[in-house]
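Working notes, beginning with the structure itself.
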Amino acid sequence: MTNDNNKPTRDSRNNLTLPSQQELMRILNEQRVILDNASVGICFILQRQIQRCNQRFAEIYGYDSADQLVGTSSEQLYPDNLSFRKLGVEAYPSLARGKRFSTELQMRRASGKPFWCRVTGKMINPSSPEQGSIWIVDDIDQQRHAADSLEQITRQQQLILDHAMVGIVFLHNRHVASCNRRFAELLGYETDELIGVSSQLWYADKSIWQAAGERYNAVLSSGRAFEAEMELIRKDGSRFWCDVRSKAVDPNDLSKGGIWIIMDISDRKATEAALVTARQQLEQRVEERTRELEQVVSSLHREIEERKIAEERIRHLAQHDSLTGLPNRGLFESRLQEQIAQAETRQDALAVLFVDLDRFKHINDSLGHHEGDMLLRSLAERLRQAVGQQGTLSRIGGDEFVIMLNDIKPRSRIEQLIMRLQAALVPVFRVGVQEFRISSSIGVAVYPEDGHTPQALIQHADAAMYRAKANGRNRYHFYNHRLDNEQSERVELENALFQALRHEEFELHYQPQIEIQSGRIIGVEALIRWQRPGHGMVSPANFIPLAEENGLITEIGSWVLERACAQLQQWQQQGLDLRVSVNLSAPQLDDANFCDKVARCLKRYRLDPSQLELELTESIIMKHVDQTIQLLEQLDKMGVHLSVDDFGTGYSSLSYLKRFPLNKLKIDQSFVREICVDPDDATICRTIISMADNLNLTVIAEGVEDADQLAMLAEFGCHQYQGYFFSRPVPAEQIPDLFDNTEQPERWNYQI
Ligand SMILES: Nc1nc2c(ncn2[C@@H]2O[C@@H]3COP(=O)(O)O[C@H]4[C@@H](O)[C@H](n5cnc6c(=O)[nH]c(N)nc65)O[C@@H]4COP(=O)(O)O[C@H]3[C@H]2O)c(=O)[nH]1
């Protein structure tokens, strides 16, 4: 009887009951089937000899059937005797103690090829080893090879990890599962120190760590790799920049952790920062350089612009009159030349008008430089407006303007323009408190009949203007060929005048000046005469203005002063007591040595300075007032008498003249001429006389031609007179006779 476990069982009296033959056969049969179908090799060894084994055992060792092994030594299953004995030595202690012995070792197949197997042995009866042992063999060769290659791969990977240039860490639940040396090195720890620690260790604080976690978890859970640049903290607290890449082991379960690869990019970052700085510096330098260049370029532009403006200005200045801005002679002539060419092509005509302002020199002399310029500017402006777009106006001299009129069909257009020009000048001109009436003389020359060149046309218009002036002020005249003669006469006169001094063609005549109350000659006025060869006596009115224009007047004036003083000395020597008046022109006062010249002259002829009287017109006095005052004060200090000629025709007021050290006023003959018929002239004479009285000045009237005029002047209280009534200007030698004639005072004086 056996139980389910096929073990002998006991009966009710506890006696062992053995299985039957049949039972045993069944059991044996069952066990054979088990052995034959076992997946492991099983063998029974007795005294190192294989007693029995299953088919699997034979297969494992490379035998076709178990029978090939039965009865053979088990040593043949080992690669060599040494390993055979080694196993025996190792296994015996356990087997002897009845324990199972198990090991993995290399054995040998029938082909001689070694293979790995796991063997487990057990003594059948440990107390009786001679009964043999049972061995179970499992072929684990493939398993071992797989494990070996896995180990090798693992070792290789470890090598890679250990020697990787990048830090590699495996995190589980954000804790270090493992890491390579480089990772620990990067953070300044030993590898062991890091195992198991939280990754918070290398973050600056918890909040950053948490924020980083949220960031990369979101990426990793999506199955993507997380990549970022992060600043991590080393063990010593220092910071460093690294490139971080991570991948989850299982994106669906982040708790399985992930791999992190960390690369120190501090150098790269420093290089990048240095690059950024360098680039910024470079950009800054480029910007600065660009700015500098821009400045240079803009200043160059400015310079070019300024140069252009300057050149334009120079060109403008070269072609325009600086005072009025009008085209100057050069520009006018070139424009005229162009118009002549066009007129020639079109068989057309054009006109040139020469405008000269009447008595402008006289007026200008009475004004200061600045005021004179102001007046000229406003004059030019009026002319410009009168000409308008119809012609070209140009200033070619002090008070000389020329106008080119292109369209002169019908010819009456010329007259129309002249009317407009004259009308433009009619309203009074105001300069400061003074008012002036200015008229003009206009000469006209027409192309082609009066000339074919700009010069000829201007010259002929000029000659026509002279004729207009000679005809009286505010006139105009058209050029005709006869004027050529007049013009050339003028040139001839000028040439002759230059010769006159050298050839001693001048002489002085003297006109007596009479004290009205006593009828006595108290002085004479020296008046120049020119005995021009072939022309007879030329009036000073004809050559003095010309001499003033060409500057010869300074020389002529010196000659007059010299001769008058010499004559006075001679008269004194003859016993005549008188004073000599000498006329002065403006340019003489411009001579810085004028006072010295006067002083030297008086000294030379041993004259008392009070015996010399210098006559100046109002306009001379009013020109450069401050300069003139100084000069007159110097002369006054010397004792020389000073008289204002042509008084009343100028623009000065008596009160203004108070500033000057004057001795005498000479009423202009234009007031005296009509004194008896024109009440206005009489009033003017009376006013001048009474105002002069108030200012303690002597008054002399000139141009007295008859007794009525003298009577009226005497009545007004005039002190002295001169004129044809007493005597025309006469040669010096006749003066003593005139003295003699004053013996009959009733004719010459006028007793009130
Ligand atoms: N109708 C008329 N005329 C009379 C009478 N009494 C004198 N005259 C003239 O009137 C002019 C007076 O001289 P002025 O006003 O200084 O005017 C002078 C003076 O401005 C200038 N002049 C003459 N000699 C000189 C000189 O030596 N130097 C300068 N700078 N100018 C001179 O030439 C001007 C003209 O001189 P003249 O021809 O000599 O003319 C003189 C004289 O001959 C008269 O009763 N009736």
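Only heavy atoms go into these numbers, but all of them, side chains included; no hydrogens, no water, no symmetry mates. Both counts, for ligands and for their atoms, begin at 1 and track the order of listing.
Judged by distance alone, with hydrogens and angles left aside, the side-chain atoms of H719 form no donor-acceptor pair with the main-chain N or O of I700 at under 3.5 Å.
The side chain of Q511, and not its backbone, has at least one atom closer than 4.0 Å to an atom of ligand 1 (non-hydrogen atoms only; side chain from C-beta on). By the criterion of a heavy-atom distance under 4.0 Å, the side chain of E702, and not its backbone, is placed next to ligand 1. When non-hydrogen atoms are compared, ligand 1 lies under 4.0 Å from neither the backbone nor the side chain of V582.
For atom 1 (N) of ligand 1, the closest non-hydrogen atom of the protein is E705 OE2, 3.2 Å. Nearest to atom 36 (O) of ligand 1 among the protein's heavy atoms is P540 CG, 3.3 Å.
Note on ligand 1: S539 sits in its first shell, one or more heavy atoms being nearer than 4.0 Å. Under a 4.0 angstrom heavy-atom cut-off, R529 registers as being in contact with ligand 1. Every heavy atom of H509 sits 4.0 Å or more from the atoms of ligand 1.
More than 12 heavy atoms of other residues, nucleotides or ligands sit less than 6.0 Å from atom CD of Q573.
Within the 6.0 Å centre-distance limit, the rings of F543 and F506 are counted as a close aromatic pair.
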(message) Applying ring pair (Phe, Tyr, Trp, His ring centres under 6.0 Å) to W571 and Y510, what does each step give before you reach the verdict?
(response) CA-CA 12 Å; W571 280 326; Y510 299 88; 4.9 Å; yes

